[in-house]
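What you see below is based on every heavy atom in this structure, not just the backbone, and it leaves out hydrogens, waters and symmetry mates.
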Amino acid sequence: MSTDTASNASTSDGLVAEAPAPRGASSGYRMTWPRIVHSEWIRFVTVRANLWTLASIVVVMVGIGLIAAGTSTGSVSAPGPAGGRPGLSGTDPLTIVLAGQTLAVLVIGVLGVLVGVREYGSGMVRTTMAAVPRRLPVLAARIVVFVAVTGVVVLVSTLAAYLGGTAVLDNGGAATAAWSDPGVPRAVLGTAAYLVGIGVIGICLGLLTRSIGFGVGSLIGLILVVPGFASLLLPDDWKDAVGYLPSQAGSAFTTVVARDNLLSPGAGAVVYAGWLVAAVVAAGVALRRRDV
């Protein structure tokens with residue numbers, strides 16, 4: 001009887017509770033991989049802020065893409081020194097219709113940080129780690145759930161932005177990027193993969209910093225600030241190194257127009273994958289070695 005009571009007490013604050021085992025049956029509760037994934041799924045979808053953030057990604061990707069396409073064709077007026085069109089008219093069509101990714105990077109990155117750090121603010125991380133003492137399965141399950149949910153949303157919104165923006169360009173008589181054009185499928189699908197990867201990096205930064213402010217600040221610095229300052233401050237002989245930063249490596253496989261100081265699409269994908277692996281490994285090491 002005392003064993004059953006202790007078992008129930010140890011799992012009452014856990015991720016999933018189970019009724020006491022009948023007499024003669026095993027009273028131990030084993031947290032299996034499917035149960036950990038299911039727990040992380042419940043944790044993600046029951047937070048209303050996560051769902052609103054996912055919805056905002058769709059609005060940002062599709063809305064900005066349509067507005068940019070309309071502006072470039074003159075369908076949507078934009079203020080200018082002489083009432084003319086902005087510089088979008090000289091930009092390649094794919095960059096125009098996927099213009100929303102610039103803001104979507106911040107949105108999904110912040111979502112990732114919140115997913116990684118939210119438990120530390122509420123103190124629920126102690127319950128989670130007590131239920132899964134090995135800890136690494138929690139990180140793996142959290143990333144799997146995040147990629148599965150956000151991957152679908154980001155892919156759908158990216159395709160919708162491409163199709164909708166291309167239709168607007170075509171109706172306005174502007175040049176378009178057809179799906180059959182070289183590099184277009186790779187750039188469109190690569191954009192979705194790049195955005196989801198930024199979210200994974202955000203999760204890892206949240207776990208590493210255990211602070212929303214530091215996590216978001218680190219993400220913005222790594223993705224936006226460092227590339228700009230590096231391009232300005234590094235000597236000419238070192239400027240090629242900027243292409244190995246995660247944002248620049250992502251640009252290598254999310255664009256169809258070659259740019260200076262960018263890697264090839266294949267090399268950019270490999271470098272970006274390397275950043276993801278490094279972030280996950282660093283988060284895993286910190287999760288194992290630190291006290292909760």
Treat each ILVMFWY residue as a node, draw an edge where side-chain heavy atoms are under 4.5 Å apart, and state whether [X] and [Y] are in one component.
| X | Y | value |
| --- | --- | --- |
| Leu136 | Ile203 | no |
| Val257 | Leu169 | yes |
| Val115 | Ile42 | yes |
| Leu114 | Phe214 | no |
| Leu139 | Val281 | no |

Closest non-hydrogen atom pair, [X] against [Y]:
| X | Y | result |
| --- | --- | --- |
| Val196 | Gly151 | CG2-CA, 3.8 Å |
| Ser56 | Thr53 | OG-O, 2.5 Å |
| Pro227 | Gly221 | CD-O, 4.2 Å |
| Leu51 | Val45 | CD1-O, 3.6 Å |
| Leu263 | Ala252 | O-CB, 3.3 Å |
| Val271 | Ala249 | CG1-CB, 3.9 Å |

Hey, mind stepping through Arg118 and Val47 against side chain to side chain contact (heavy atoms under 4.5 Å, CB included) and telling me if it holds?
-> CA-CA 11 Å; Arg118 185 177 283 123; Val47 177; 3.9 Å; yes
Using modelled atom types and a 3.5 Å cut-off, is there a donor and acceptor pairing between side-chain atoms of [X] and backbone atoms of [Y]?
| X | Y | answer |
| --- | --- | --- |
| Trp275 | Tyr244 | yes |
| Arg290 | Val285 | no |
| Thr209 | Ser211 | yes |
| Asn50 | Phe44 | yes |
| Asn171 | Val168 | no |

After noting the C-alpha distance and the side-chain angles of Val58 and Val156, does the key distance pass the side chain to side chain contact (heavy atoms under 4.5 Å, CB included) rule?
-> CA-CA 8 Å; Val58 179; Val156 170; over 6 Å; no
Can you find a pair of side-chain heavy atoms, one from [X] and one from [Y], that are under 4.5 Å apart?
| X | Y | result |
| --- | --- | --- |
| Leu219 | Ile198 | yes |
| Pro246 | Leu222 | yes |
| Leu189 | Leu155 | yes |
| Pro93 | Thr166 | no |
| Val242 | Leu262 | no |
| Thr191 | Phe253 | no |
| Leu245 | Val226 | yes |
| Arg48 | Trp52 | yes |

Distance flag, aromatic centroids of Trp179 and Tyr162, threshold under 6.0 Å = yes
For the pair Tyr272 and Tyr194, name the ring-plane relationship: parallel under 30°, tilted 30 to 60°, perpendicular over 60°.
-> tilted
Worked check of side chain to side chain contact (heavy atoms under 4.5 Å, CB included) between Ile57 and Thr150 = CA-CA 9 Å; Ile57 292 173; Thr150 61; 5.7 Å; no
Begin with the C-alpha distance, continue with both residues' side-chain angles, and end with the deciding distance and a verdict on side chain to side chain contact (heavy atoms under 4.5 Å, CB included) for Phe146 and Leu111.
-> CA-CA 10 Å; Phe146 183 87; Leu111 175 61; 3.9 Å; yes
Can Glu119 and Arg43 be counted as an ion pair, charged N to O under 4.0 angstrom?
-> yes
Pair Arg35 + Glu40: basic N to acidic O under 4.0 Å = no
From Thr254 atom OG1 to Leu195 atom CG, the distance as rounded to the nearest 0.5 Å |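 With rounding to 0.5 Å, OG1 (Thr254) is 8.5 Å from CG (Leu195).
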Ignoring hydrogens and angles, state whether a donor on the side chain of Asp92 or Thr95 is under 3.5 Å from an acceptor on the partner side chain.
-> yes
